[in-house]
Amino acid sequence: MTMTHATRLLDWYDRHRRTLPWRAPAGKRSAPYLVWLSEIMLQQTTVATVGDYFHRFVKRWPTVEALAGAPIDEVLSAWAGLGYYARARNLHACARAVTEQHGGVFPRGEADLLALPGIGPYTAAAIRAIAFDEPASAVDGNVERVVARLFAIETPLPDAKAEINLRAAALVPQRRAGDYAQAMMDLGATVCTPRSPRCVICPLMAGCSARKRGIAEELPRRAPKAERPTRRGLAFVLTRRDGAVLLRKRPTKGLLGGMDEVPSSDWREGTLSIVEALKQAPVPARWKVLDGGIRHTFTHFHLELAVAHAVAATSGLAKLAPGSAWCTVDQMTERALPTVMRKVIEHAAKG
Ligand code: SF4
């Protein structure tokens with residue numbers, strides 16, 4: 001059964017494979033650096049978004065050594081907009097480790113890959129399969145869905161993971177393992193889609209239990225998620241007469257670690273007291289709280305920020321708090337400014 005599945009899927013892949021910026025032409029293998037870079041970028045982000053970032057990164061840092069040699073601030077600012085900045089830090093740390101410990105050549109062994117920063121079981125398997133053609137089983141969300149349906153696994157996620165992983169591993173062929181991994185990803189992305197799977201054109205239709213039982217669209221089941229809490233705060237946009245904005249650096253560890261930010265009050269659950277929040281202004285100024293605000297969703301919480309704006313007086317600003325600096329309009333695109341902070345600045349600009 002396994003070979004039938006793999007053969008059918010590979011035949012389908014040969015005809016319908018997606019063209020992706022990081023994917024090698026048919027019959028060729030992508031360099032491990034490109035596979036790794038794309039896989040890290042694709043975590044939690046769509047193929048469409050990643051394309052431009054991938055091109056820019058590869059143009060600027062064509063090799064893992066080049067990336068390792070780049071200052072971390074440049075990497076973070078090139079990453080800005082992709083979110084989940086801990087990944088960008090790990091990306092850089094991983095490039096350094098590959099350069100320093102492996103002479104700039106990605107290892108192909110599972111244990112060596114897992115020892116590198118930011119590489120978990122999925123990424124290690126994807127690199128081994130796609131870059132080295134090793135029969136490793138790379139199970140991402142797409143593959144999880146396909147396998148849960150093929151075997152009609154009704155246990156909800158995340159409990160179903162162990163069974164899905166076992167089933168997925170048993171399907172991996174010894175030959176063309178890299179193409180097989182990419183074929184499963186493509187099938188999940190284009191045919192076995194979360195809603196309305198296109199079973200009638202699916203190469204695996206004949207052996208698919210969920211389709212036979214008419215429950216494909218319901219799988220995989222998921223345990224109900226805990227509600228994301230909402231935190232609230234007040235952001236302080238202080239501008240100079242030339243349009244420059246006061247920014248400060250966030251602590252290296254934690255959410256948006258090491259990124260630039262507009263100063264703000266604490267972010268807390270519950271109702272925001274503007275009077276209390278204004279006491280946390282970075283400098284005394286004539287703060288005007290603007291109508292509306294911005295909303296942003298992080299992995300574990302929603303954030304609602306009200307925005308206060310003030311124009312800096314020419315006197316009294318000689319001393320900025322450590323870690324704070326003016327950012328001119330021209331510098332804005334160069335800075336490692338997360339999306340949430342860009343929203344705040346745009347809101348203040350609208351007044
Ligand atoms: Fe998915 Fe349908 Fe194919 Fe089964 S037959 S793998 S449910 S697209």
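First listed ligand is number 1; within each ligand, the first listed atom is number 1.
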Asks: Closest approach of Leu116 and Val98, non-hydrogen atoms and distance?
Replies: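 That closest heavy-atom pairing would be CD1-CG2, 3.9 Å.
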Asks: Heavy atom to atom 7 (S) of ligand 1, shortest distance: which of Ala206, Pro203, Ala216, Cys202 holds it?
Replies: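 Comparing heavy atoms across Ala206, Pro203, Ala216, Cys202, the nearest one to atom 7 (S) of ligand 1 lies in Ala216.
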Asks: Centre of Trp267's six-membered ring, under 6.0 Å away, within 45 degrees of the axis: is that where NZ or CZ of Arg232 sits?
Replies: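 No.
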Asks: Report, in ascending order of atom number, the atoms of ligand 1 lying under 4.0 Å from any heavy atom of Cys199.
Replies: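 Those of ligand 1 that fall under 4.0 Å from Cys199 are 2 (Fe), 5 (S), 7 (S), 8 (S).
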Asks: On a heavy-atom basis, I'd like to know which of Cys192, Ser196, Cys208 is closest to atom 1 (Fe) of ligand 1.
Replies: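 Closest candidate by heavy-atom distance is Cys192.
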Asks: Do the numbers put Arg231 on top of the ring of Phe301, so that NZ or CZ is under 6.0 Å from the six-membered ring centre and no more than 45° off the axis?
Replies: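 Output yes; distance and angle both within limits.
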Asks: Number the atoms of ligand 1 from 1 as they appear, then name those within less than 4.0 Å of a heavy atom of Arg149, with their elements.
Replies: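 Going through ligand 1 atom by atom, the ones under 4.0 Å from Arg149 are 7 (S).
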Asks: For ligand 1, which atoms sit closer than 4.0 Å to a heavy atom of Met205?
Replies: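 Answer, ordered by atom number: 5 (S).
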Asks: On the ring face of Tyr180, is Arg176 found with NZ or CZ under 6.0 Å from the centre and within 45° of the axis?
Replies: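 The answer is no; the distance or angle limit is not met.
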Asks: Determine whether a donor-acceptor pair (N or O, by modelled atom type, separation under 3.5 Å) exists between the side chain of His300 and the backbone of Pro229.
Replies: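 Absent.
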